[in-house]
Amino acid sequence: MIRVRFAPSPTGYLHIGAARSALFNWLYARREGGKFLLRIEDTDLQRSTDESTRSIFEGLQWLGLDYDEEVVFQSANADQHRAAAVQLVDEDKAYRDFTPKEERGGDANVKQEIAKRARRDADEGVDHRSNPYRELPLEESKQRAADGELFAVRLKVPREGRSVFEDGVFGTQERDYAEIEDLVLLRSDGHPLYNLSVVCDDIAMQITDVIRGQDHLTNTHKQVLIYEALGAPIPRFAHLPLILAPNKGKLSKRKHGAVVSLTTYRDRGFLPEAFRNALALLGWSPEGEQEIMPLDELREKFSLKGVHHSPAVFNFSESDPRQWTDQKALWMNAEYIRTMPLDELLPALRAELKAAGLWRPEYETSEHKWFEKTINLIRERFYTLKDFSGQGRAYFADDFEFDAAAVAKNLKKEPRLKELLPGLAGQIEQAEPFNAETAEAALRHFAEAAGVKAALLINASRTALTGQAVGPSMFEVFDIIGRECSARRLRAAAEMI
RNA sequence: GGGGUGUUGGUGGAAUUGGUUACCACGCCGCCCUCUCAAGGCGGAGGCUACGGGUUCGAUCCCCGUACACCCUACCA
C-alpha cells in the first residue's frame with residue numbers, strides 16, 4: 001500500500017508551491033489507492049504560528065484535498081528523534097562533536113560564509129572527515145558528555161563511495177560521499193535537525209513515496225544515509241520542479257506578497273476547482289491536449305511520467321492590477337465560472353453573495369428561476385466570484401455604485417437624456433407582459449418617436465440600471481431587473497444628468 | 001569555492017524512444033457578430049528549439065563544451 005505525505009512547515013501562509021506539492025501527493029495517493037497523510041513540521045518554534053497551521057488546514061480543505069489518519073505534529077516527536085540520534089551514537093554510526101558552536105551571521109550571509117569556509121578548508125587541506133572527534137573512543141565520548149560538556153551529534157558519512165538513488169522524476173541521482181559532510185543530527189542544545197526529523201517521521205509514518213519540491217533533491221542523499229544508518233527501508237523519492245517568479249527567481253512572500261499565498265486565491269474569488277486545475281498544470285502535463293479537468297479526471301490522468309524537469313514560471317505583473325496573478329489561471333477561473341453546472345457553482349456563489357450582504361434565501365426557493373437566469377446572464381463575462389458582488393451588485397441590490405467613466409460616457413454626454421430617460425421609463429412601465437421582447441419593442445419605438453438612435457438609450461439604460469458601461473444584452477437586463485425597478489432607476493439616472 | 005538540476009515564441013506545455021512547412025493553450029493584434037463588454041467563430045504576428053562544436057543521409061531529440069538560471073552545500077526548514 002502506497003503511503004505519501006504532505007509535510008509543510010507552518011511558517012507564514014500556505015505557499016502555492018507547497019499547495020501544488022499537496023495536490024500532486026494527493027493525486028498520486030488517490031490514483032494508486034494509497035494513503036495521503038499530513039504532517040505539520042513545526043519544529044522551528046521561533047517561526048511556526050498557529051495561524052499558519054490553520055491556513056494549511058483551510059487551504060487543503062478549500063482545494064478539496066482530504067487527508068487520511070491523524071495529523072502528525074513533528075514537534076511532538078522530538079524525543080524519538082533524539083533517541084534515534086543516541087542510538088546511532090551507540091552503534092558508532094554517529095559521533096559526539098564537542099567542537100564549540102560557531103556563531104553564524106544573519107541569513108543573508110549564509111551563502112557567503114559557506115563559500116568562504118569551503119575555500120578556506122580547501123586551502124588548508126581540511127576535508128569533510130577531518131573532525132577531531134570523529135574517531136574519539138566511545139567511552140571517552142560518553143564520559144565527556146556525562147561531565148556536562150556540550151556536544152552536537154554528527155552522522156559518520158563513509159570516507160569513500162557514492163550515494164545513489166532513483167528519483168521518480170529526475171532519474172538516477174549520484175553523489176560522492178566526499179561531497180557530503182558529516183551532517184549534524186542533533187544540535188548541542190539537544191534539538192534534532194531537519195534531516196533527522198523528516199527521516200524519523202517518514203519511517204514512523206511508514207511513508208513509501210516521498211514526493212516534494214526539487215529544493216530537497218540534493219539533500220536526499222543525506223537522508224538516504226540516515227535511513228541506512230537507522231536500518232530502515234528507503235522510500236521511493238520523486239522531486240517536483242520548482243515554481244518560479246516571472247523573473248525566474250524564487251517566488252517569495254517578501255518579494256511578491258499575496259500572489260504566493262493560497263488563501264489569496266480563495267479570498268479573491270477563485271473557484272477551488274479552477275485554481276486546482278491551474279496548479280496541476282504547473283510542472284505537470286497530461287498526455288492529451290485537454291487542459292480543463294475536474295478533480296476526478298486529474299486523478300485518473302496524473303502520473304509522475306508527466307512531471308517536468310524544468311521549473312515553471314508563475315506569470316503575473318506587479319504593476320498591472322488586471323494581471324495580479326497568472327493570466328492562464330485567471331482565464332481558467334473565468335472558464336469554470338461560465339461553464340460550470342449552476343448547482344455546482346451555487347455553494348461558492350451563495351458564500352460570496354452572503355459575505356457581501358446580497359444573499360436572499362428565496363434565491364433557492366421561490367426566486368430560483370430568476371436567480372438562475374440572472375447568474376447565467378452575468379457569469380458569461382466574469383473572471384472571479386468577486387465580480388458577482390462587485391460588477392454584479394446592481395442585479396441583487398439597489399445600493400450599487402456608478403462607474404464614473406460610464407456615467408460620463410453614457411449619461412452626461414447627451415443632455416437630452418435628462419428628458420428622454422423619464423420618457424423611456426414611462427414606456428417601459430407600460431410594456432405588457434414585461435419581458436425582454438416587449439422591453440426591446442418599447443425602447444425601439446420610443447427611440448424612433450424621439451428621433452434618436454436606439455443605441456443611445458440602450459447604453460444610457462445600461463449605466464442607469466447597472467452603474468456600468470459594459471454588461472449583458474440590455475433587454476435581458478431589463479427583464480432581469482424588472483419593470484418597476486428599471487423604471488425607477490431610469491428616472492433616478494435622469495437626476496444625475 | 002564545490003555539487004546538483006535545468007534551458008522549445010511573453011507564459012504554461014506538445015513533438016510517435018532522430019525523419020518533411022516545430023503543435024496546443026493563455027496572452028497579444030485584426031475581422032465577423034453587435035446596444036457596450038465579454039463569450040463564440042475566423043484569421044494573424046511572434047521561434048536560427050540558449051550558444052558553439054560533434055555523431056548522422058538527417059538532430060528540439062544523442063555526445064562534448066560554453067553561457068545563464070535555479071536548488072543544495074548551515075548546530076535553518
Side-chain angles (χ1 to χ4, degrees), chain A residues 7-9 11 41 43-44 46-48 74 97 99-104 107 110-111 113-123 150-154 170 173-176 178-181 183-189 191 193-195 197-198 213-222 239 241-242 244 246-250 278 281-292 306 308-316 323 326-332 334-335 338 380-383 406 409-410 440 443 453-463 468-475:
Chain A
S9 50
T11 52
E41 304 210 326
T43 48
D44 186 339
Q46 300 289 312
R47 295 194 295 157
S48 297
Q74 187 162 67
D97 179 0
T99 311
K101 185 182 171 186
E102 207 177 306
E103 286 306 327
R104 302 211 158 265
D107 254 24
V110 170
K111 275 174 199 281
E113 277 189 41
I114 290 166
K116 211 163 80 185
R117 199 185 70 166
R119 261 177 298 225
R120 194 189 59 210
D121 286 354
D123 287 348
L150 289 178
F151 61 88
V153 172
R154 285 181 184 271
F170 290 91
Q173 299 294 308
E174 299 186 62
R175 198 174 173 191
D176 280 335
E179 287 153 13
I180 305 172
E181 76 172 329
L183 57 146
V184 173
L185 266 19
L186 228 50
R187 263 183 354 202
S188 49
D189 63 4
H191 198 88
L193 255 51
Y194 172 74
N195 285 116
S197 296
V198 237
Q214 199 196 342
D215 46 345
H216 294 284
L217 186 62
T218 37
N219 275 335
T220 303
H221 289 103
K222 295 181 182 174
H239 289 85
L242 264 21
L244 305 180
N247 65 356
K248 301 197 196 300
K250 197 171 189 164
L281 262 15
L282 246 30
W284 172 76
S285 54
E287 277 190 31
E289 279 180 351
Q290 184 192 345
E291 293 190 317
I292 300 282
H308 312 139
H309 293 193
S310 51
V313 171
F314 196 63
N315 198 24
F316 58 92
Q323 295 182 41
D326 190 272
Q327 285 288 279
K328 192 156 178 173
L330 224 33
W331 165 81
M332 196 164 277
E335 180 71 14
R338 66 176 167 257
E380 185 73 16
R381 60 215 76 207
F382 286 172
Y383 275 79
K409 180 175 161 237
N410 289 339
E440 173 161 16
L443 184 142
K453 282 188 172 177
L456 175 73
L457 296 177
I458 290 171
N459 289 324
S461 299
R462 173 149 33 238
T463 302
Q468 311 253 308
V470 302
S473 167
M474 204 44 216
F475 303 113

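Convention: sequence-line order gives letters A, B, ...; per-chain numbering from 1.
- Across all strands, A/Gly213 comes closer than 4.0 Å to no nucleic acid atom at all (heavy-atom distances).
- B/G53 and B/C71 have their C1' atoms separated by 29 Å, given to the nearest Å.
- Counting non-hydrogen atoms under 4.0 angstrom, A/Tyr194 reaches a base of the nucleic acid.
- In this structure, of B/C37, B/U73, B/G4, it is B/U73 that holds the atom nearest to the side chain of A/Asn219.
- Nearest to the side chain of A/Lys409, among B/U36, B/G13, B/U73, sits B/U36.
- The local environment of CD in A/Glu287 is sparse, with at most 12 non-hydrogen atoms from other residues, nucleotides or ligands closer than 6.0 Å.
- Listed nucleotides: B/C76, B/C35, B/G40. Nearest to the side chain of A/Arg47: B/C76.
- When all heavy atoms are compared, the tightest approach of A/Ser461 to A/Leu443 is OG-CD1, 4.1 Å.
- A sub-4.0 Å separation between OP1 or OP2 of B/C35 and a side-chain N or O of A/Arg462 is absent.
- Annotation: B/G18 and B/G27 have their P atoms spaced 36 Å apart (nearest Å).
- Of the P atoms belonging to B/A22 and B/G40, the separation is 28 Å, rounded to the nearest Å.
- Checked against B/U73, B/C35, B/A14, the side chain of A/His308 finds its nearest nucleotide in B/A14.
- Salt-bridge annotation for A/Asp44 and A/Arg47: present, with a side-chain N of the basic residue lying under 4.0 Å from a carboxylate O of the acidic one.
- For A/Glu335, whose side chain is taken as the heavy atoms from C-beta onward, the closest listed nucleotide among B/C76, B/G40, B/G6 is B/G40.
- Checking A/Arg175, A/His239, A/Gln173 one by one against A/Thr220, the side-chain hydrogen bond (donor to acceptor under 3.5 Å, both in side chains) holds for a single residue, A/His239.
- Not less than 6.0 angstrom separates the ring centroid of A/His308 from the ring centroid of A/Phe170.
- The side chain of A/Ile458 lies closest to B/C35, out of B/G3, B/C75, B/C35.
- Each of B/A77, B/G6, B/G3 was ranked by its minimum atom distance to the side chain of A/His309; first place goes to B/G6.
- The P atoms of B/G58 and B/G43 are separated by 37 Å, rounded to the nearest whole Å.
- Taking every heavy atom of both residues into account, A/Gln214 and A/Leu242 meet most closely at N-CD1, 3.6 Å.
- Of the candidates B/A38, B/A77, B/C35, B/C35 carries the atom nearest the A/Phe475 side chain, counting heavy atoms from C-beta on.
- Closest contact between the side chain of A/Lys250 and the listed nucleotides B/C71, B/C75, B/G1 involves B/C71.
- Comparing the C1' positions of B/G44 and B/U56 gives a spacing of 37 Å, expressed to the nearest Å.
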Report the secondary structure of RNA chain B in dot-bracket form, marking unpaired bases with a dot and bases paired to a different strand with |, and treating Watson-Crick or G-U pairs with both distances under 3.5 Å as paired.
-> (((((((..((((.....[...)))).(((((.......))))).....(((((..]....))))))))))))....
Audit row: A/Lys328, A/Glu291, side chain to side chain contact (heavy atoms under 4.5 Å, CB included) steps and yes/no = CA-CA 11 Å; A/Lys328 192 156 178 173; A/Glu291 293 190 317; 3.0 Å; yes
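- In this structure, the salt bridge (Lys or Arg N to Asp or Glu O under 4.0 Å) partners of A/Asp97, at least two apart in sequence or on a different chain, are A/Arg154.
- Between A/Val184 and A/Ala152, the shortest heavy-atom contact is CG1-CB, 4.2 Å.
- Position along RNA chain B of the nearest nucleotide to A/Met474 versus A/Arg119 favours A/Arg119 as the more 5'-ward residue.
- Comparing the C1' positions of B/C68 and B/G54 gives a spacing of 22 Å, expressed to the nearest Å.
- Residue contacts for A/Ser285: at a heavy-atom cut-off of 4.0 Å it reaches the sugar-phosphate backbone alone, with no base atom in range.
- For the C1' atoms, the distance linking B/G30 with B/U49 amounts to 28 Å, nearest Å.
- Looking at which nucleotide of RNA chain B each of A/Ser310 and A/Asp189 is closest to, the 5′-most match is held by A/Ser310.
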CA sep, side-chain torsions, deciding dist, call: A/Leu186, A/Phe151, side chain to side chain contact (heavy atoms under 4.5 Å, CB included) | CA-CA 9 Å; A/Leu186 228 50; A/Phe151 61 88; 5.6 Å; no
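- At a threshold of 4.0 angstrom between heavy atoms, the contacts of A/Pro472 include nucleobase atoms, whether or not backbone atoms are also involved.
- Candidate nucleotides B/C75, B/U5, B/C37 were compared by shortest atom distance to the side chain of A/Leu217, and B/U5 ranks first.
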Take nucleotides 22-32 of chain B nucleotide by nucleotide from the 5' end and write B, S or -, depending on whether a protein heavy atom sits under 4.0 Å from the base, only from the sugar-phosphate, or from neither.
-> -SSBSS-----
